Amino acid sequence: MSRKDLRKIWKKAIPYLLILPVVLYYGAFWLRPVIVSVIGSFTDTGGHFTLQNFVMVVQEESFWPAVRNTAVLVLFSVTLEFFVALALALLINRKFFGSGIFLFLAMIPMALPAAAAGAMWVTGLTAHGWLNSLLHYLGFLAQSKSIYWLAGSEASLLAILIIIDAWQVIPSVMIILLAGLQNMPEETKEAGYVFGGDYFTVLRKITLPMLKPTIQTAVILRLISAIQIWLIVVLLLGFSRLPVLVERVVFYTKEVKGLDISYQMASGYTIIVSIIVSLAALAYLQVSGAFNRKEQTI
């Protein structure tokens, strides 16, 4: 083989050598754990193939409540976050006086780690926490009374979790939507106004259709992360009081890891959550794609 041929081979091999560290990293820290989890979900305590792990997961007392609570959190949380984030992105995109300061303040919850946000709300939602103190100071609550925020029904606890999750996540969705709005050519909207459209007509017929790829990205990312919510639930309520799917994985991985079936239950829950996340993303892509095709035919 000539030197020229070796040089050509080396030139072709350089891109693969450059991405080799990333491939090795993902193989060691992502692909390997995924394969181990899949194998573990189909293996019993004796190391034999079985489907009993999934039967045990489905028959667990907390499984269906966890599915229901996760679905409620995803449905209401993603919907609330999208509409509020879209309204804020449209407002900031108007570039009014002080919009930069408003954007900075709106992004503060996103900068807080999940554990720090959880600790902040834990201290706020106690009987003598800062939230009740604020209500006392503003005169909305008598000094002799306190609201026991975390002692309510399951529905009220879900509402609290949805509000807290929205408070922390809305800034990230807003940033994605704002980036899409700022990359949109102004000439298209100006043309809409020239042809007699008002603000809401231009928004509905020009801005939102052009923003659809950005909306799709924001909603899918938020949908996936909403299904995996667990830390704020555990910090506020502990394990098993208001079960959600990923909280069950952590419960069997950390809290009761000494049980004979802990690893099998955690692996089974992990595979089920992965399937739900994939199906949810595919369903949204199919629905949004169907709407796009329908509009194109119209």
Side-chain angles (χ1 to χ4, degrees), residues 33-34 36-45 49-82 114 118 121-122 125 149-166 168-169 219-287:
V34 168
V36 170
S37 295
V38 172
I39 294 174
S41 66
F42 291 99
T43 307
D44 61 16
T45 54
F49 175 82
T50 182
L51 295 175
Q52 187 62 28
N53 297 335
F54 297 101
V55 175
M56 290 190 300
V57 168
V58 174
Q59 290 180 343
E60 191 203 17
E61 183 180 358
S62 298
F63 175 75
W64 291 111
V67 172
R68 183 190 66 242
N69 294 334
T70 302
V72 171
L73 284 169
V74 169
L75 177 63
F76 288 95
S77 182
V78 173
T79 304
L80 174 64
E81 289 158 8
F82 169 72
W121 284 104
V122 166
L125 295 172
W149 299 96
L150 301 180
S153 63
E154 187 175 281
S156 65
L157 293 177
L158 282 170
I160 290 172
L161 287 171
I162 289 168
I163 292 171
I164 293 174
D165 184 58
Q168 189 172 17
V169 174
V219 172
I220 289 176
L221 290 175
R222 183 58 203 130
L223 193 66
I224 292 172
S225 60
I227 294 173
Q228 301 176 70
I229 185 173
W230 70 273
L231 183 57
I232 189 66
V233 178
V234 173
L235 288 173
L236 288 177
L237 306 171
F239 288 100
S240 301
R241 184 179 171 189
L242 192 73
V244 292
L245 286 172
V246 178
E247 174 261 348
R248 294 284 85 197
V249 177
V250 180
F251 176 75
Y252 283 104
T253 304
K254 299 294 183 183
E255 288 294 296
V256 292
K257 59 183 179 181
L259 295 180
D260 292 337
I261 61 168
S262 293
Y263 179 73
Q264 282 71 28
M265 291 291 286
S267 299
Y269 265 109
T270 300
I271 298 304
I272 289 173
V273 171
S274 301
I275 293 172
I276 291 174
V277 168
S278 301
L279 290 177
L282 288 173
Y284 179 79
L285 288 172
Q286 287 291 332
V287 171

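Just so you know, these numbers use all the heavy atoms, side chains as well, and skip hydrogens, waters and symmetry mates. Just so we're clear, the structure is a prediction, and the values are computed from it rather than from any experiment. Just so you know, residue 1 is the first one in the sequence shown, and it goes up from there.
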[X] [atom1] to [Y] [atom2] distance, which is reported to the nearest 0.5 Å:
| X | Y | atom1 | atom2 | value |
| --- | --- | --- | --- | --- |
| I276 | I224 | CD1 | CD1 | 13.0 Å |
| T50 | M56 | OG1 | CE | 7.5 Å |
| Y269 | L245 | OH | CG | 7.0 Å |
| I261 | Q52 | CD1 | CD | 10.0 Å |
| I272 | S274 | CD1 | OG | 10.0 Å |
| Q286 | L279 | CD | CG | 11.5 Å |

ask   = How would you list all residue pairs meeting side-chain hydrogen bond (donor to acceptor under 3.5 Å, both in side chains) that involve residues 63-78, not counting sequence neighbours?
value = R68-E154, S77-E81, S77-D165
Shortest non-hydrogen contact from [X] to [Y]?
| X | Y | answer |
| --- | --- | --- |
| S37 | S267 | O-CB, 3.7 Å |
| N53 | F42 | ND2-N, 4.0 Å |
| A226 | V78 | CB-CG2, 3.9 Å |

Would you tabulate the side-chain donor-acceptor contacts of residues 249-257 under 3.5 Å, counting partners in other chains and residues two or more places apart, or write 'none'?
from : atom 1 : to   : atom 2 : distance (Å)
Y252 : OH     : E60  : OE2    : 2.5
T253 : OG1    : V249 : O      : 2.7

ask   = Looking only at atom types and distance, does a side-chain atom of E247 sit under 3.5 Å from a main-chain N or O of V244, one as donor and one as acceptor?
value = yes
query = With a 4.5 Å limit on heavy-atom distance, are the side chains of L125 and I164 in contact?
reply = yes
query = Is there a side-chain contact between T45 and Q264, using heavy atoms and a 4.5 Å cut-off?
reply =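 Yes. Closest side-chain heavy atoms under 4.5 Å.
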request  = List the steps, then state whether side chain to side chain contact (heavy atoms under 4.5 Å, CB included) holds for L158 with F76.
outcome  = CA-CA 10 Å; L158 282 170; F76 288 95; over 6 Å; no
Show me, pair by pair, the donor-acceptor contacts under 3.5 angstrom made by side chains of residues 229-243, not counting sequence neighbours?
from : atom 1 : to   : atom 2 : distance (Å)
S240 : OG     : R248 : NH2    : 2.6
R241 : NH1    : L150 : O      : 2.9
R241 : NH2    : L150 : O      : 2.4

